[in-house]
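To keep things clear, I will list the structure first and then write my remarks on it.
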Amino acid sequence: MSGESSFQSNNAIIKWIDYRLPIFTFVNDAVVVYPTPKNLNYWWNMGSLAGIMLVVQIVTGIILAMHYTPHADLAFASTEHIMRDVNYGWLLRYMHANGASMFFIVVYIHILRGLYYGSYKAPREILWWMGIIIFILMMATAFMGYVLPWGQMSFWGATVITNLFSAIPIVGEGIVTWLWGGFSVDQPTLNRFFSLHYLLPFVIFGVVFVHLWALHHHKSNNPLGIDIKGPQDTIPFHPYYTVKDLYGMAIFGTIFAIVLFFAPNYMGHADNYIPANPLVTPAHIVPEWYFLPFYAILRAIPDKLLGVVAMFASLLILFVLPWLDTSKVRSARFRPVYKMLFWAFFINCLVLGYIGGKPPEGIYIVGGRLATALYFLFFLVLPFIGWFERPKKLPESIAKAVLKSHGDGGGGGGAPTGAAGAAAKSEDRG
Amino acid sequence: MADSTGGDGHDANRRDFLYVAAGGLGAVGAAGFVWPLVDQMNPSQDVLALSSIEVDLSGIAVGQSITVNWRGKPVFIRHRTAAEISQAGAVPMSDLPDPEADTARAEKPEWLILVGVCTHLGCVPLGQQGEFDGWFCPCHGSHYDTSGRIRKGPAPLNLPVPDYIYLDDNNIKIG
């Protein structure tokens, strides 16, 4: 970002504007000539997809708010009014509800990509933090959005999740009453959740801006996990990655459309089509699928406070990941032990998700505890892997690896060299 | 300011004091302004005003329960059978995670009045179910006995007994 921008124009109006507000220069530097590693694969499409989903959610959400009434007596009916009476209301609501799920799918893949290729390591720690903050904000937004239709799952989901705070010693009950604005989830709760649900996406938008700022400062990581060493390692973002992102969007859009038009309620719960009843809890309450792994961790611990602590810890531990991982090599391609560990972690997350959706009895209790232990074990053994793991030889540069061959997994493949730190020291200083 | 030592140190000290004093006052002012923004989230006056109800018990036969809505929460009023009362009284205190005598939980032993909100995460337990013939919470599997005391599962505390008084033999006021 230092030095002269390459942006030039012969158009007098553009020049006049750009001299006063360098918006054309900004766009040119950010998404046109922006130097991007040559070797990004399709896992790097998820960032732009997440951005698109944020826009889809904001646009459909603003429209839904024009027809929705945030009142305990009217919310359910106004949601049905959107579904039945408003022109294309069904489309917009299904787009918004399934859009949340699609957003989470994309973001989960984005996070796993970061884990696999070591995108959280220096100098991208703050970039990683911003991502976690976005993820947490997304969870809060999705949770409050799910409350708005005021069905049974809305009501009882809100009750259970807000009650998590009652586990805090002494002030817990006071905090829950404060969150509710009453003595149970009721009208004040719904009204403020609506307000915050409208607010938070714009907060997310702001954090996304910081996320991209940090990203553009040190540029994208890449499947080799080595730094960009010169212009020969990069290609301009446009047209190469604009086209690749658009292609990804077309595929993603197709999948989204299939869900939207053929299975719009697949990821929902039938109980949420029953109006909220504060006196009857549905027999089997589960959160939306994207919360299930965390829900499984909550239930795995047979103590209320410790269960809540474990659930939040499972999320917050991601903040210290850049320091838990002691290896200087970023990409799992060159880390045979970490690679196995990563896949074990991934499968374990799926197991947690599965268990989170099952009733807490019999085998699911044992399984949930085991999977919770394994989840945290991943973070505990990570510091030691860097010690004894012998990483594969890193390629000299992105350009050399790309030119050398396409077949052997991006080059390398040589004999292992020394301990992780020593092998990568000269290669990986950011 | 005749009490100070003078010289450069004098000015620096005076300035430090002014900075700290101004900053401190600013922080107190900001906190004072933030408090209304925080406190508006607490229950409003109309919500607090609706905090007690009266219930007529005369229509509830032995072995029957009713659920009434108090502060948006279900309150269970159970006309307990003699078997339930003796079962609740016979439990040794050492068996209870949250020890409390049945006599302390029911002013008149035949009338058990409970806030029907699981002390785990707030679901409504189902009556006359579970391993202790009291209440069972379907959400995360907490079992309560015939006195509404927690016996098994993740809930830490007994189902709370709301404040209530007998207005006469057949009428109570909850809250």
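Chain letters run A, B, ... following the sequence lines, proteins first and then strands; every chain starts at 1.
- Contact record, P282(A) with P138(B): O-CG, 4.3 Å, taken as the closest heavy-atom pair.
- Within the 4.5 angstrom heavy-atom criterion, atoms from both the backbone and the side chain of W178(A) approach chain B.
- Here N163(A) is the residue among N163(A), L179(A), T162(A) with the most heavy-atom pairs under 4.5 Å with chain B.
- Neither the backbone nor the side chain of I301(A) comes within less than 4.5 Å of any heavy atom in chain B.
- The CG atom of L121(B) sits 10.0 Å away from atom OG1 of T159(A), with the distance rounded to the nearest 0.5 Å.
- Closest heavy-atom contact between P74(B) and P278(A): CD-O, 3.9 Å.
- The backbone N or O of M41(B) lies less than 3.5 Å from a partner atom in the side chain of R192(A), making a donor-acceptor pair.
- Heavy-atom distances place no part of V117(B) under 4.5 Å from chain A, backbone and side chain included.
- In this structure, the portion of I285(A) lying under 4.5 Å from any heavy atom of chain B is its side chain and not its backbone.
- Annotation: salt bridge (Lys or Arg N to Asp or Glu O under 4.0 Å) contacts of D46(B) (sequence neighbours excluded): none.
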**Request:** Go through V47(B) and Q187(A) one step at a time and tell me if the side-chain contact (heavy atoms from CB on, under 4.5 Å) criterion holds.
**Result:** CA-CA 10 Å; V47(B) 171; Q187(A) 170 57 27; over 6 Å; no
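- Ranked by heavy-atom pairs under 4.5 Å with chain A, the first of P156(B), P154(B), C123(B) is C123(B).
- A donor-acceptor pair is defined here as one N or O able to donate and one able to accept, closer than 3.5 Å; no such pair exists between the side chain of W180(A) and the backbone of P43(B).
- When side chains are defined from C-beta on, L48(B) counts as touching F183(A), because their heavy atoms get closer than 4.5 Å.
- Enclosure of atom CZ in F202(A) by more than 12 non-hydrogen atoms of other residues, nucleotides or ligands within 6.0 angstrom is indicated.
- Residue F209(A) qualifies as open at atom CZ: its count of foreign heavy atoms under 6.0 Å is 12 or below.
- With hydrogens and angles disregarded, a donor-acceptor distance shorter than 3.5 Å links the side chain of T281(A) to the backbone of V124(B).
- Other residues, nucleotides and ligands contribute only 12 or fewer heavy atoms inside 6.0 Å of the CG atom of D163(B).
- More than 12 heavy atoms of other residues, nucleotides or ligands shown are found within 6.0 angstrom of CG on L37(B).
- Under a cut-off of 6.0 angstrom, the local environment of NZ in K173(B) is sparse, with at most 12 non-hydrogen atoms contributed by other residues, nucleotides or ligands.
- For P359(A), no part lies near chain B; criterion is any non-hydrogen pair under 4.5 Å.
- For L18(B), the CG atom counts as densely surrounded, since its 6.0 Å shell holds more than 12 non-hydrogen atoms of other residues, nucleotides or ligands.
- Around CZ of F379(A), the count of heavy atoms belonging to other residues, nucleotides or ligands within 6.0 Å exceeds 12.
- In terms of heavy-atom pairs under 4.5 angstrom with chain B, the leader among D186(A), T177(A), I161(A) is T177(A).
- Only the side chain of S166(A) has a heavy atom closer than 4.5 Å to any heavy atom of chain B.
- Note that CG of L157(B) is 7.0 Å distant from NZ of K304(A), once rounded to the nearest 0.5 Å.
- Heavy atoms of F155(A) lying under 4.5 Å from chain B are absent altogether.
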